[in-house]
2 protein chains.
Amino acid sequence: MKRERADRPVAQSGRKLGPRALKTRERILRATSELLAERSVLDLPVVDIARRAGTSPATFYHYFKDVDELALALAERASEEMPDVAAWIRASMGGPDGLERARALVDAFLEHWDRHHAILTLRNMAADRGDSRFLRIRQENIGPVLSALASEIKRGQREQRISKEIHPFAAAAALASFLERLSAHHRDLGALGATREDIRETCARILVQTLEGSAPA
Amino acid sequence: MKRERADRPVAQSGRKLGPRALKTRERILRATSELLAERSVLDLPVVDIARRAGTSPATFYHYFKDVDELALALAERASEEMPDVAAWIRASMGGPDGLERARALVDAFLEHWDRHHAILTLRNMAADRGDSRFLRIRQENIGPVLSALASEIKRGQREQRISKEIHPFAAAAALASFLERLSAHHRDLGALGATREDIRETCARILVQTLEGSAPA
DNA sequence: TGTACATCAGTGAACGCGCGTTCACTGATGTAC
DNA sequence: TGTACATCAGTGAACGCGCGTTCACTGATGTAC
């Protein structure tokens, strides 16, 4: 597979791109983002992308092998903007301002999803489907978060705050799961009377309680 | 939309089905389940379903309007087998055998997903995509679980075990999210050294801790 | 400053595949007498 | 028990749409002298 770096895009022919070409490529990426936000992830034909970008299908193929590759480029770009949640976690949720740090963390997660909802959904669907390229991106994004969470659990276990019966990575996966899912779907919870703030607060508290072994003060 | 009951299937023409026809219909449903388990949810052409069922595309259309409707029938069937998790939750997780009840609950959830993994994934994807028919089924399935969880949280808040800052439905959604996600993906966690038992135990403990406000004994 | 040429960038139009869907028909099963 | 007829169940073959993809070409931009 031709590995594509965001800062060094290349035409399908392998030639480097001039400034005009870069702009066109950018228009195609942007058009795809827009379409993605407007309709289903499964309904993304080359023709429509090209039309939206004000160009032709033939041009599309100068820049991308197929729609998947384009989606991959978008997913990589979105993933790069993922906040460094792992660092926050390592800063620990204990002590008096632990809850405040947890809130900031959840908030960053929510915001990241708000900004890239469509493409992150696509990335996860493709990964669930088993596509190794999207799995890799997802793994690079979530992996460090899982590790950081698991480390905190282990620390809690050493310090006797958390039961040894809990499996650090299973717990980490559980926490990451609901963080991600609620971030992706927090709007739907409005129907149940939960605002974005409610979700942030609730997630932060469950997070602290699980990592610390007891509810925050 | 023609509402279809599992016990009273009807041909597209509206006629009732004889025993021979019922068998054919059943073969088509089964063939679809098999294909679903073998390949991506997005790759399910009528021709392949018919071939696998040992019949022809034309026959397919005697029984179903399109693949979506067929998937809907499968999803309804799978949903009917959902264990009554809500009842378990209302039985409470408190007291000495609360943890044991939580384990049983998580186990039932895991088993349900093991049995119907492919079609439940399809159901959730279709619901996420915004398809109202699949949303309805999903809602009928998860709704009672959410309500039961939220009620327990509220009870905990009345009894001062749980902070008022937590939003009952947000917390319920968080718990249901990770239960569902880990049930769907528990095999992938093997790579991180977590067995099915680890996952069951860990989920059960997080569940109890969140609903009770403190870790189980 | 102008001209010739090379390369870059873009595209209209067509081709063809896969697949959903339907039509006109055949064969199987049941029922009346 | 046999025959005629109605209805049920199933299908081969074709049609046509949507879409991915490519080809042969045009226009734009840069460079050499």
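A, B, ... follow the sequence lines: proteins, then strands. Residue 1 opens every chain. On a predicted model such as this, the values are computed, not experimentally measured, just so you know.
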Below 4.0 angstrom from OP1 or OP2 of D:dT11, is there any side-chain N or O of B:Y61?
-> no
Examine distances only and state if a side-chain atom of A:R39 and a backbone atom of A:D43 form a donor-acceptor pair shorter than 3.5 Å.
-> yes
Ignoring backbone atoms, establish whether B:T24 has a side-chain N or O less than 4.0 Å from OP1 or OP2 of D:dA9.
-> no
Tell which nucleotide pairs with C:dA14, taking only Watson-Crick or G-U wobble pairs whose two distances are both under 3.5 angstrom.
-> D:dT21
Would you kindly compare B:A58 and B:V67 by the position of their nearest DNA chain C nucleotide and give the one closer to the 5′ end?
-> B:V67
Whole-Å distance separating the CZ atom of A:F64 from the C1' atom of D:dT22 | 18 Å
Phosphate oxygens OP1/OP2 of C:dT11: is one of them under 4.0 Å from a side-chain N or O of A:T55?
-> yes
Kindly say whether B:H167 contributes a backbone atom to a donor-acceptor pair with the side chain of A:T202 at under 3.5 angstrom?
-> yes
By the Watson-Crick or G-U definition, both distances under 3.5 Å, C:dT1 is matched with none
Whole-Å distance between C:dT21 P and B:D66 CG?
-> 6 Å
With sugar-phosphate meaning primed atoms plus P, OP1 and OP2, does B:A21 contact a base, only sugar-phosphate, or nothing at under 4.0 Å between heavy atoms?
-> sugar-phosphate
Between C:dG10 (P) and A:R51 (CZ): distance, integer Å = 19 Å
With the side chain defined as heavy atoms from C-beta on, B:S56 is closest, among D:dA9, D:dG10, D:dT11, to D:dT11
Short side-chain N/O contact to C:dT11 OP1/OP2 from A:T59, under 4.0 Å = yes
Whole-Å distance, B:D48 CG to C:dC19 C1', equals 10 Å
Whole-Å distance between C:dA9 P and A:Q12 CD?
-> 14 Å
Could you tell me whether a side-chain N or O of B:D198 sits under 3.5 Å from a main-chain N or O of B:T195, the two making a donor and an acceptor?
-> yes
Are B:L105 and B:M93 side-chain neighbours, meaning at least one heavy-atom pair lies under 4.5 Å?
-> yes
Between B:H62 (side chain) and B:Q12 (backbone), is there a donor-acceptor pair under 3.5 Å?
-> no
Among the nucleotides D:dT21, D:dC23, C:dA9, which one has an atom lying closest to any side-chain atom of A:V46?
-> D:dT21
With both distances kept under 3.5 Å, what pairs with C:dA6, Watson-Crick or G-U wobble?
-> D:dT29
Would you call B:R77 and B:E81 a salt bridge, using N to O less than 4.0 angstrom?
-> no
For the side chain of B:V47, counting heavy atoms from C-beta on, which of C:dG20, C:dT22, C:dA9 is nearest?
-> C:dG20
By nearest-heavy-atom nucleotide on DNA chain D, the more 5' of A:P45 and B:L17 is B:L17
When rounded to whole Å, the CZ to C1' distance for the pair A:R20 and C:dA9 reads 5 Å
Looking only at D:dT21, D:dA9, C:dA9, the nucleotide nearest the A:Y63 side chain is C:dA9
How long is the line joining CG of B:L42 and P of C:dC19, in whole Å?
-> 13 Å
Between P of D:dC19 and CD1 of A:I49, the distance in whole Å | 12 Å
